[in-house]
Amino acid sequence: MAINNSTTVVEFVLQGLSEDPGLQALFLAFFLLLYILALAGNTLIIIAISLNSSLHTPMYFFLANLALLDIVCTSTVLPKLLEGLVGKSSHISYKGCMTQLFFLTWFLGAELLLLTAMAYDRYVAICRPLHYSMLMSWPICVLLAGSVWVISAASTSVHTGLMARLNFCGPNQIRHFLCEVPTLLLLSCSPTTLNNIMIVIADVYFGVVNFLLTMISYSFIITSILRIRSTEGKKRAFSTCSAHLVVVVLYYSTVIYTYLQPGSGSSLENGKVVALLYTAVSPTLNPAIYSLRNKDVKVALKKFFPCFQ
């Protein structure tokens, strides 16, 4: 969508995490480390799953998609954050801001949908094992994964298109370290009612509906696990489910917290912490929580990388 000709702001100024040089150096080292770990961990997961035929199953197919989403999501935000921390530039062009907004919203929405698809996969595997090969055939898996990317892309196209129609007459100081819908709405000179309505609709679908579907899947899973007679089997199953649930709750709570306050100027500092959780911390922890603790993935990694422990 073409950018409205009446837009007067040609660039925005991103607010850093701190003005203290000492803290900036600390943040630079910390987030650079997180970025490297996120890239390395998720890349290893993709390589291990791609090169090992024993991991060519629906569960690991979705894990590979999750790893890819984590890579592109953190790469949408952290390079610009690191650039600001080294003191090069805290400015971002209007088009650059809209681009970051588009891709960040796309990847965040896709990850929420993917978590629901992963929960459904585990539900079928544990609760309906005899029908697993039919209900989770490769055509269905590809359809689910493709839908995740396409639906989220359609949603973010609407949000970005509506944002591009707004006028930004100044000030151009974004009270955040990234371009995000709620903070940009605060700077608009135009009415933002339609934007706020679309945010609520998207929040209900991506956040509430998918979260409920995920929780329903896990409730059936836990019920099935409780029927397992083996104590060791129960512990193993509960351990896997608890790891998934921790990530689901963390991810959903942070994203919903951010987008349930469209156009609100409150809690912006807390919003920075929340944004760091889902753009930096979560992509770094996901490989460990979902895969690197998995015996099959460890075996695959050791096969191709003997130095891996």
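- Side-chain contact between L184 and F12 is present, with heavy atoms from C-beta onward closer than 4.5 Å.
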message: Could you go through D70 and E111, starting from their C-alpha distance and side-chain angles, then the distance that decides it, and tell me whether this counts as side chain to side chain contact (heavy atoms under 4.5 Å, CB included)?
response: CA-CA 8 Å; D70 282 337; E111 189 147 352; 3.1 Å; yes
From CA spacing to verdict: side chain to side chain contact (heavy atoms under 4.5 Å, CB included), C73, L108: CA-CA 7 Å; C73 181; L108 291 179; 3.8 Å; yes
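- Nearest heavy atoms, F206 versus S155: CE1-OG, 3.3 Å.
- With rounding to the nearest 0.5 Å, the separation of CG in L34 from OG in S282 is 11.5 Å.
- Sorted by first and then second residue, the side chain to side chain donor-acceptor pair (under 3.5 Å) pairs with a member in residues 26-35 read Y35-S75; sequence neighbours excluded.
- Between the N195 side chain and the L185 main chain, no donor and acceptor come within less than 3.5 Å of each other.
- Residues T105 and S152 share a closest heavy-atom pair of O-OG, 3.9 Å.
- Closest approach of F177 to L276, counting heavy atoms only: CZ-CD2, 3.5 Å.
- Each of V150 and L115 belongs to its own hydrophobic cluster when Ile, Leu, Val, Met, Phe, Trp and Tyr are linked at side-chain heavy-atom distances under 4.5 angstrom.
- Put simply, the side chain of K95 does not reach to within 4.5 Å of the side chain of M98, judged on heavy atoms.
- Put simply, the side chain of F211 reaches to within 4.5 Å of the side chain of M215, judged on heavy atoms.
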- request: I would like to know whether H176 and Q15 meet side chain to side chain contact (heavy atoms under 4.5 Å, CB included); could you show each step before the answer?
  value: CA-CA 5 Å; H176 213 317; Q15 188 180 68; over 6 Å; no
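- Cluster membership for F61 and M134, using ILVMFWY side-chain heavy atoms within less than 4.5 angstrom, is shared.
- With S224 contributing its side chain and F220 its backbone, the two residues share a donor-acceptor pair below 3.5 Å.
- In terms of modelled atom types and a separation under 3.5 Å, the side chain of W149 and the main chain of W106 share no donor-acceptor contact.
- Residues L213 and L143 fall into different hydrophobic clusters, defined by Ile, Leu, Val, Met, Phe, Trp and Tyr side chains chained together at heavy-atom separations under 4.5 Å.
- Side-chain contact check for V13 versus I174: every heavy-atom pair is 4.5 Å or farther apart.
- In this structure, T279 and L104 have side chains that are in contact, with non-hydrogen atoms separated by less than 4.5 Å.
- The hydrophobic cluster containing W138 also contains Y60, counting ILVMFWY residues as joined when their side-chain heavy atoms lie under 4.5 angstrom apart, directly or transitively.
- Within the 3.5 Å criterion, the main-chain N or O of E11 finds no donor-acceptor partner in the side chain of H91.
- Take C97 and apply the disulfide (SG to SG under 2.5 Å) test, not counting sequence neighbours, and it matches C179.
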task: Please step through side chain to side chain contact (heavy atoms under 4.5 Å, CB included) for the pair L178 and L81, ending with a clear verdict.
output: CA-CA 8 Å; L178 51 80; L81 174 62; over 6 Å; no
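- Contact between Y132 and R122 at its shortest, heavy atoms only, is OH-NH2, 3.7 Å.
- Between the OG1 atom in T183 and the CG atom in L14 there is a gap of 9.0 Å [rounded to 0.5 Å].
- The line from CG of N65 to CD1 of I49 is 9.0 Å long, rounded to the nearest 0.5 Å.
- A donor and an acceptor atom, one from each side chain of N172 and Y94, are nowhere located under 3.5 Å apart.
- Side-chain contact between M118 and L66 is present, with at least one heavy-atom pair separated by less than 4.5 Å.
- Distance CG/N196 to CG/D203: 11.5 Å, rounded to 0.5 Å.
- I216 and L226 fall within a single hydrophobic cluster, where Ile, Leu, Val, Met, Phe, Trp and Tyr are joined by side-chain heavy atoms under 4.5 Å apart, directly or via other members.
- When atom types are taken as modelled, the side chain of Q100 and the backbone of T76 share a donor-acceptor pair closer than 3.5 angstrom.
- When side chains are defined from C-beta on, L166 does not count as touching L162, because their heavy atoms never get closer than 4.5 Å.
- The hydrophobic cluster around L33 extends to L37, counting ILVMFWY residues whose side-chain heavy atoms fall within less than 4.5 Å of a member.
- With hydrogens and angles ignored, the 3.5 Å screen pairs no side-chain donor or acceptor of N42 with any backbone N or O of P287.
- Note: L78 CG to E83 CD = 12.5 Å, rounded to the nearest 0.5 Å.
- A donor-acceptor distance shorter than 3.5 angstrom exists from the side chain of S190 to the backbone of N167, with no hydrogens or angles considered.
- Aromatic pair Y218/Y123: ring centres not closer than 6.0 Å.
- When every heavy atom of T74 is checked against every heavy atom of I71, the shortest pair comes out as CG2-O, 3.4 Å.
- With a 4.5 Å cut-off on side-chain heavy atoms, I199 and H159 count as touching.
- Atom-to-atom distance recorded for L44:CG and L39:CG is 10.5 Å, nearest 0.5 angstrom.
- Listed here is the closest heavy atom pair of G96 and S93: N-OG, 2.9 Å.
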